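As the structure is a prediction and not an experimental result, all values here were calculated from the model. Every chain is numbered from 1, with letters handed out A, B, ... down the list of sequences.
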Amino acid sequence: YKDGAWKDEL
Amino acid sequence: MNIFRLFGDLSHLAAIAILLLKIWKTRSCAGVSGKTQLLFAVCFITRYIDLFLHFVSLYNTEKVMKLIYISASVFTCYLIFFKFKATYDGNHDSMRAEFLIVPAAGLACLINTKFDAIEILWTFSIYLEAVAILPQLFLISKTGEAETITSHYLFAQGSYRALYILNWIYRYHYESHVDTIAIVAGVVQTILYCDFFYLYITKVVKGQKIVLPA
């Protein structure tokens, strides 16, 4: 899971 | 995007719509916890702060959904605390919201992925959402009953995060994606609905009303 990739879930 | 997350988000939208319709049609927020709605509004604002920081959103629908969640929850609070204030059951909506906000904020500072402002706000929002429904469940236990439409709202609201758990299982298996904080909080959140789910499935589905042993 790419840390720092801004959250991709609601 | 997978089917579980899609139906989770649709269930969440349905919950917000059901509650808005109930309050708007009956022109009353009896049986609705204003505190829970306030906590949800805080969750959405702190979680979707990226909307205000011009983060490039992943795709437009996501930005639209975030805007819908924030505006609908703020509008619901407006209906409860201003427009239909006279019907707000303040006496039974008596769970201390501070007892939920302070521990969520404290825990967010202790257990988080990264110690920076936006990440801590997101973590706070996740922890707060897990317990935000408690004032509503508390209110129902105090009044001893829940209107059928409110039960449908709660069922949709509870199902949304339950479906997200399936989404996380799916993503773990197929995308080796894991967000432990969201998963643990989501499981706690769904567990809080268990006794309500039992009552909903054994009663409301058969057309009866939920009446708790007062």
Side-chain angles (χ1 to χ4, degrees), chain A, chain B residues 1-2 4-6 8-13 16 43-44 46-51 53-59 61-70 112-114 116 118-119 121-123 125-126 129 160-161 163-165 167-168 170-172 175-183 185-186:
Chain A
Y1 176 52
K2 303 180 301 305
D3 185 32
W6 188 248
K7 310 295 175 190
D8 66 348
E9 289 180 346
L10 289 175
Chain B
M1 174 59 87
N2 59 65
F4 303 112
R5 188 142 71 95
L6 175 66
D9 292 335
L10 290 175
S11 177
H12 198 184
L13 269 179
I16 291 169
C43 285
F44 290 136
T46 52
R47 187 173 311 181
Y48 303 141
I49 203 91
D50 56 311
L51 286 181
L53 301 179
H54 308 302
F55 267 54
V56 178
S57 80
L58 299 174
Y59 44 90
T61 27
E62 183 148 317
K63 187 171 281 212
V64 167
M65 288 282 275
K66 291 176 178 180
L67 286 171
I68 290 170
Y69 285 163
I70 290 178
N112 51 60
T113 320
K114 256 191 324 205
D116 71 34
I118 191 162
E119 190 70 32
L121 277 175
W122 177 85
T123 310
S125 152
I126 290 288
E129 185 190 357
Y160 131 72
R161 216 60 180 169
L163 286 162
Y164 256 71
I165 293 173
N167 152 64
W168 290 320
Y170 176 94
R171 294 190 74 181
Y172 173 72
E175 303 166 20
S176 68
H177 158 104
V178 174
D179 189 340
T180 317
I181 285 175
I183 293 170

- Message: I want to check something: taking the side chain as every heavy atom from C-beta on, are Leu10(A) and His12(B) in contact at a cut-off of under 4.5 Å?
- Response: no

- Query: For the side chain to side chain donor-acceptor pair (under 3.5 Å) test, which of Arg5(B), Arg171(B), His177(B) pairs with Asp8(A)?
  - Reply: Arg171(B)

- Answer with side chain, backbone, both or neither: which region of Phe44(B) has an atom nearer than 4.5 Å to a non-hydrogen atom of chain A? neither

- Message: Quick check: do Asn167(B) and Glu9(A) have side-chain heavy atoms less than 4.5 Å from each other?
- Response: yes

- Message: Walk me through whether Glu62(B) and Lys7(A) qualify under salt bridge (charged side-chain N to carboxylate O under 4.0 Å, His left out).
- Response: CA-CA 11 Å; Glu62(B) 183 148 317; Lys7(A) 310 295 175 190; over 6 Å; no

